[in-house]
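The structure appears right after this line, and notes come after that.
Atoms considered below: every heavy atom in the structure, side chains included; atoms not considered: hydrogens, waters and symmetry mates. Positions are given from 1, in the same order as the sequence printed here.
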Amino acid sequence: MTEASSRAPRLEDSVDAAIVREISLDARATLSHLSERVGLSVSAVQSRLRRLEARGIVKGYRPILDAEALGRPLAAFVEITPLDPAQPDNAPELLAHLTPIEACHSIAGEAAYMLFVRVPTPRDLEELIRDIRAAAQVNTRTTVVLQTFFEARPIEPADYPACPPPGRGARSRGHPHDG
């Protein structure tokens, strides 16, 4: 495998970055809206979007759901550490069936993984922690989320930082308050 083939797919140019930026802000944006925002025809935007999907840059389109309205208002981070350092490193596979676990991250530090979970009540959290411990033979350390100020933010493409659209920068002309 060459170095180039082992790297993650990359954006081709600033237009791809603009499309990604727009759909990360609104996954339901129409091709017409995207076309207006990036300055290409609808068919060109559709073609680029299909390529972004085929290359795995756009992996899907998901709604942002209100956990509280869905009966899971209690969120927590659960660090897990194997009981036996020699045990197989297969905790993600052993925990995948536990649907209250929304995310599982391999982390650096004392713990091996950080889980993000959502449950209806403190009692449900206690039961989930018991299930995690039993399923993966791990110690846990739990931090309950009191309030979330932001999450699921759009991912800004690193190689193509956002620029203000034409006519919207600090030096635009034509607006009565522009200097």
Side-chain angles (χ1 to χ4, degrees), residues 1-70 72 75-80 89-109 111-118 143 145 147-175 177-179:
M1 184 185 311
T2 66
E3 183 182 327
S5 65
S6 67
R7 282 187 266 164
R10 304 288 294 207
L11 298 172
E12 290 181 8
D13 58 23
S14 61
V15 175
D16 278 358
I19 291 170
V20 167
R21 194 173 292 110
E22 289 297 321
I23 63 172
S24 71
L25 293 170
D26 180 5
R28 295 177 53 172
T30 64
L31 291 172
S32 177
H33 172 80
L34 294 173
S35 169
E36 291 172 18
R37 297 293 296 163
V38 302
L40 295 178
S41 70
V42 170
S43 62
V45 168
Q46 183 175 36
S47 174
R48 281 179 175 259
L49 196 50
R50 284 185 181 149
R51 282 198 315 264
L52 290 166
E53 292 166 351
R55 291 177 33 231
I57 294 171
V58 176
K59 294 182 177 220
Y61 303 87
R62 295 178 53 175
I64 299 170
L65 302 173
D66 182 335
E68 193 166 331
L70 296 173
R72 294 184 181 270
F77 292 95
V78 181
E79 293 180 7
I80 63 172
D89 187 13
N90 60 350
E93 293 84 13
L94 296 172
L95 299 174
H97 71 283
L98 297 173
T99 58
I101 300 174
E102 196 172 299
C104 175
H105 306 278
S106 175
I107 60 171
Y113 295 94
M114 175 74 73
L115 311 176
F116 179 72
V117 305
R118 290 186 195 269
T143 303
V145 175
Q147 185 175 0
T148 300
F149 294 98
F150 52 84
E151 67 182 354
R153 294 174 112 176
I155 299 172
E156 182 67 31
D159 294 338
Y160 301 96
C163 298
R168 295 196 183 166
R171 294 270 195 207
S172 65
R173 298 178 187 262
H175 190 277
H177 300 291
D178 288 345

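In summary, the side chains of Ser41 and Ser43 do present a donor paired with an acceptor at a separation below 3.5 Å, with no hydrogens or angles considered.
The main-chain N or O of His33 is found under 3.5 Å from a side-chain atom of Thr30 such that the two form a donor-acceptor pair. A distance-only check finds no donor-acceptor pair linking the side chain of Arg118 to the backbone of Ala75 [under 3.5 Å].
Nearest heavy-atom pair across Ser35 and Val42 is OG-N, 3.6 Å.
Contact of the Arg51 side chain with the Glu12 side chain is registered, since non-hydrogen atoms from C-beta on lie closer than 4.5 Å. In this structure, the side chains of Val15 and Tyr160 stay at 4.5 Å or more apart for every pair of heavy atoms. Looking at heavy atoms from C-beta onward, Leu95 lies in side-chain contact with Ile80 at the 4.5 angstrom threshold. Residues Phe77 and Val145 are in side-chain contact: their nearest non-hydrogen atoms beyond the backbone lie under 4.5 Å apart.
Taken from CZ in Arg21 to CG in Leu11, the straight-line distance is 9.0 Å, to the nearest 0.5 Å. A distance of 12.5 Å separates OH in Tyr113 from CD1 in Ile101, rounded to the nearest 0.5 Å. With rounding to the nearest 0.5 Å, the separation of CG in Leu49 from CD1 in Ile57 is 11.0 Å. Here CD1 of Ile19 is found 9.5 Å from CD of Glu22. Values are rounded to the nearest 0.5 Å. Cys104 contributes atom SG, which lies 10.5 Å from atom CE of Met114 (distance to the nearest 0.5 angstrom). From His105, atom NE2 reaches atom CG of Leu115 across 8.5 Å, with rounding to the nearest 0.5 Å.
Environment of CD in Glu68: sparse, with no more than 12 heavy atoms of neighbouring residues, nucleotides or ligands closer than 6.0 Å. For Ile64, the CD1 atom sits in a loose shell: 12 or fewer heavy atoms of surrounding residues, nucleotides or ligands are nearer than 6.0 Å.
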Next on the checklist: Pair Asp13, Arg48 - check salt bridge (charged side-chain N to carboxylate O under 4.0 Å, His left out), show working.
Outcome noted: CA-CA 11 Å; Asp13 58 23; Arg48 281 179 175 259; 2.9 Å; yes

